[in-house]
Amino acid sequence: MLTPTHYPLLETVDTPHDLRKLPESQLAALAHELRTFLIQSLSVTGGHLAAGLGTVELTIALHYVYNTPDDRLVWDVGHQTYPHKILTGRRTQMPSLRKKEGLAGFPKRSESPYDTFGVGHSSTSVSAALGMALAARQQGLSRKVVAIIGDGALTAGQAFEGLNHAGDIDPDLLVILNDNEMSISPNVGGMSQYLARVLSGKLYSTVREGSKKVLGVMPPVWELARRAEEHMKGMIVPGTLFEEMGFNYIGPIDGHDLPALLKTLHNLRALKGPQFLHVVTKKGKGYLPAEQNPCFYHGVTPFNLETGKTLAGTASGPTYTQVFGEWLCDMAALDERLIGITPAMREGSGLVEFSQRYPARYFDVGIAEQHSVTLAAGMACDGLKPVVAIYSTFLQRAYDQLIHDVAIQNLPVLFAIDRGGLVGPDGPTHAGSFDLSFLRCIPNMVIMAPADENECRQMLYTGFQHNGPAAVRYPRGTGPGIALQKSMTALPLGKAELRRLGHKTAILAFGSMVTPALQAAEQLDATVINMRFIKPLDEETVLKIAREHDLLVTLEENAVIGGAGSAINECLIAHDVRTPTINLGLPDTFTDHGSREQLLAECGLDTSSIISTINAHFQTETCQITPIRVKSH
């Protein structure tokens, strides 16, 4: 089934305009070809597989019924959009997916006019689509707007903020709930399919609106009729919540039944006002390994088509995520006050084992980053020791709560910040480029960045023991391969570590940059300081090293602006130390997707680039004092 090299229907569809030329009778065959092509393609490139397999029929139906790109499709998150990319002129580019200068892994406005809104974070689709619907209304356009949101994304507050606003102002907007996990799935069947066709049909809509006008002059009668309608629908469908928010709820219907989808979407396209369509799909549909383990196949590296096993696996040591997961279990065994919290990232943040061993002390709050932080603050107020496991890029969504609810009250909440720095193929929406900058300006924060796996473990212990807010920020993937010590010792707060003593040049390295700093230092005979703490900064060591060397170079995998290097600059200026200083870090741009190694080189943060920058300084050096400067690549 998965071995064709030719796709007779799919290869005729370069745009949705071509798709709309096909008779409906051929769409099921097209869906089979599209699903097979997607599986084969991602077996080579890797990427988000399970979600896309579940939206094949829905994607075909949407582009078939709606006049895209003039009609707007707004996809949530983007994990489910690979079929959309394939049908919108990018089929032949799929081998470049998530590679440098290739297709992005998420919708990207600069990539295609069919990508109406750039995403990467969850739960933005309703708000963005509502904005587009209001823009169309403001400009007097008849354009249709559709938001497609997953049931997981519906756990976020922003989704409900958008729904609440939409239901209040009566826009022409269709919200499609792509439900692939909710327990309502058994309701998909003959009755609900029939009900969906009835509720989306012109007759029902006409009678419903006409009844409003007739019965509206008799309020008690109209209220009785309205309640009767709601109770009748409520006995069969779970739409009461969305009805109360002002939407006309339709469904649930089978998201893999193309005839039902087409009929329902045709009906809905003709309706005015806010509409809500509930479709039920299966993650990993059409590929048995992905159906059986959709979580594992959510995001995959290249894999064997026949066995489903990944082809990657060269990493020799534990990832930083695994180091955190092991530490969390070890610490929980020592301190019953420890609570693990994650905003829907159990697997990604390394909490699987903890959730199994300590289920009563584990809280997955869904895609609700703000809630996760304030929940931790509330726990900390009453004697617990919460650990919030969160990606750097997702912590951005809870910045106010971090400041207002945790830091101002100086509460002992530990933030285990994963994916600090560049993340490679996932691109700028997932890169942890800014956390050192936005954390270090917050009073009461202690901020650490480990140079290796064992230091990460010890820093987590240090942060947990600290009686105030603390953050340990570590990168994606594996470290340099340092063995873990089972024992845990709190590090001296705000103290750096001399890793190598050289002369002339001193490299002050933070976190993941310690390893390339040491490699560069071997060729340059430079001093290397593992700074360890971004806050509090080891000013004593910084000033001593600055006075003993001709050049300081700060290294960080974070935005140069406002980052750890800026902290060094501020220290030198405050003490009137004028040692020439170069700040190396991420430039003032959004770094696109590619391999992590490619991106580090592009930003001047690989070993050879560090060496070149330092050599260039001494080649151009004069007798004049060189000012502090930011190196921009």
Side-chain angles (χ1 to χ4, degrees), residues 314-320 420-422 448-456 458-459 474-485 491 495-534 538 541-558 560 563-565 568 572 579-586 595-621 626 628-631 633:
T314 57
S316 57
T319 64
Y320 280 101
L422 299 170
M448 295 168 273
D452 56 56
E453 301 90 333
N454 184 60
E455 193 167 76
C456 182
Q458 306 310 321
M459 284 182 175
Y474 44 90
R476 182 180 191 173
T478 56
I482 303 300
L484 298 178
Q485 298 173 6
L491 302 177
K495 293 299 180 183
E497 174 196 38
L498 174 67
R499 281 292 187 97
R500 186 186 191 279
L501 184 61
H503 76 291
K504 290 188 71 175
T505 300
I507 304 175
L508 310 181
F510 295 85
S512 61
M513 289 291 100
V514 172
T515 295
L518 288 167
Q519 293 168 347
E522 287 299 316
Q523 297 189 44
L524 298 166
D525 190 21
T527 294
V528 175
I529 305 295
N530 170 20
M531 291 302 299
R532 285 182 167 173
F533 290 83
I534 294 85
D538 188 347
T541 295
V542 170
L543 296 172
K544 179 177 184 295
I545 292 296
R547 291 174 177 133
E548 295 173 350
H549 291 77
D550 298 332
L551 174 68
L552 293 187
V553 178
T554 68
L555 276 180
E556 62 188 301
E557 199 174 336
N558 182 84
V560 170
I568 301 292
L572 297 176
T579 307
T581 303
I582 299 174
N583 301 135
L584 293 179
L586 303 183
S595 72
R596 187 166 181 273
E597 293 71 25
Q598 289 173 319
L599 300 182
L600 286 172
E602 181 181 301
C603 295
L605 295 176
D606 63 322
T607 301
S608 61
S609 296
I610 295 166
I611 293 170
S612 297
T613 297
I614 294 172
N615 284 334
H617 165 81
F618 286 109
Q619 288 169 5
T620 60
E621 185 183 29
T626 305
I628 291 171
R629 60 194 177 95
V630 170
K631 184 69 176 177
H633 294 271

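- Side-chain atoms of L584 and I582, non-hydrogen and from C-beta on, do get closer than 4.5 Å to each other.
- Of the residues listed (I614, T613, N615), the one engaging I611 in a side-chain contact (heavy atoms from CB on, under 4.5 Å) is N615, and it is the only one.
- Here the closest non-hydrogen pair linking M531 and F510 is CB-CE2, 3.3 Å.
- With contacts defined as side-chain heavy-atom distances shorter than 4.5 Å, the pair R476/R596 does not qualify.
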>> Does D550 form a side-chain contact (heavy atoms from CB on, under 4.5 Å) with T579? I'd like the steps, not just the answer.
In response: CA-CA 6 Å; D550 298 332; T579 307; over 6 Å; no
Could you go through residues 520-528 and list every donor-acceptor pair under 3.5 Å that involves a side-chain atom there, pairing it with any protein atom two or more places apart or in another chain?
from: E522; atom 1: OE2; to: R500; atom 2: NE; distance (Å): 2.9
from: D525; atom 1: OD1; to: R500; atom 2: NH1; distance (Å): 3.1
from: D525; atom 1: OD1; to: R500; atom 2: NH2; distance (Å): 3.4
from: D525; atom 1: OD2; to: H503; atom 2: ND1; distance (Å): 2.9
from: T527; atom 1: OG1; to: G502; atom 2: N; distance (Å): 2.7
from: T527; atom 1: OG1; to: G502; atom 2: O; distance (Å): 3.4
from: T527; atom 1: OG1; to: H549; atom 2: NE2; distance (Å): 2.8

>> As a quick check of understanding, evaluate side-chain contact (heavy atoms from CB on, under 4.5 Å) for M448 and I534, giving each step before the final call.
In response: CA-CA 6 Å; M448 295 168 273; I534 294 85; 5.8 Å; no
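- Residues satisfying the side-chain hydrogen bond (donor to acceptor under 3.5 Å, both in side chains) test with T515, not counting sequence neighbours, are none.
- Listed here is the closest heavy atom pair of A546 and L572: CB-CD2, 3.8 Å.
- Listed for the E556 side chain is no donor-acceptor partner under 3.5 Å among the backbone atoms of G585.
- A distance of 9.0 Å separates OG1 in T505 from CG in L552, rounded to the nearest 0.5 Å.
- Of all non-hydrogen atoms in A451 and Y320, the two that sit nearest each other are O-OH, 3.6 Å.
- Contact of the L600 side chain with the L422 side chain is registered, since non-hydrogen atoms from C-beta on lie closer than 4.5 Å.
- Atom CE of M513 and atom CG of L555 lie 6.5 Å apart (nearest 0.5 Å).
- Looking at V553 and L508, their side chains never come closer than 4.5 Å, going by heavy atoms from C-beta outward.
- Looking at heavy atoms from C-beta onward, L586 lies out of side-chain contact with V560 at the 4.5 angstrom threshold.
- For K504 and F618, the positive end sits near the middle of the six-membered ring, less than 6.0 Å away and at most 45° from its axis.
- Counting all heavy atoms, side chain and backbone alike, I610 lies closest to G604 at CG1-O, 4.0 Å.
- Ion pairing between R499 and D452 holds under the 4.0 Å rule for side-chain N and carboxylate O.
- Residue A483 comes nearest to N454 through the heavy atom pair O-CB, 3.4 Å, listed as atom of the first residue, atom of the second, then distance.
- Summarising the geometry, atom CG belonging to L543 is positioned 9.0 Å from atom CG belonging to D538; distances are rounded to the nearest 0.5 Å.
- Looking at E453, its side chain does come within 3.5 Å of a backbone N or O of G481 through a donor-acceptor pair.
- For D606, the side-chain hydrogen bond (donor to acceptor under 3.5 Å, both in side chains) partners two or more places apart in sequence, or in a different chain, are S608, S609.
- The two atoms that bring S512 and E557 nearest to each other are OG-OE1, 2.6 Å, heavy atoms only.
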>> Between R532 and K495, is the side-chain contact (heavy atoms from CB on, under 4.5 Å) condition met? List the steps.
In response: CA-CA 7 Å; R532 285 182 167 173; K495 293 299 180 183; 5.9 Å; no
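- In this structure a side-chain-to-backbone donor-acceptor pair under 3.5 Å is present from T620 to H617.
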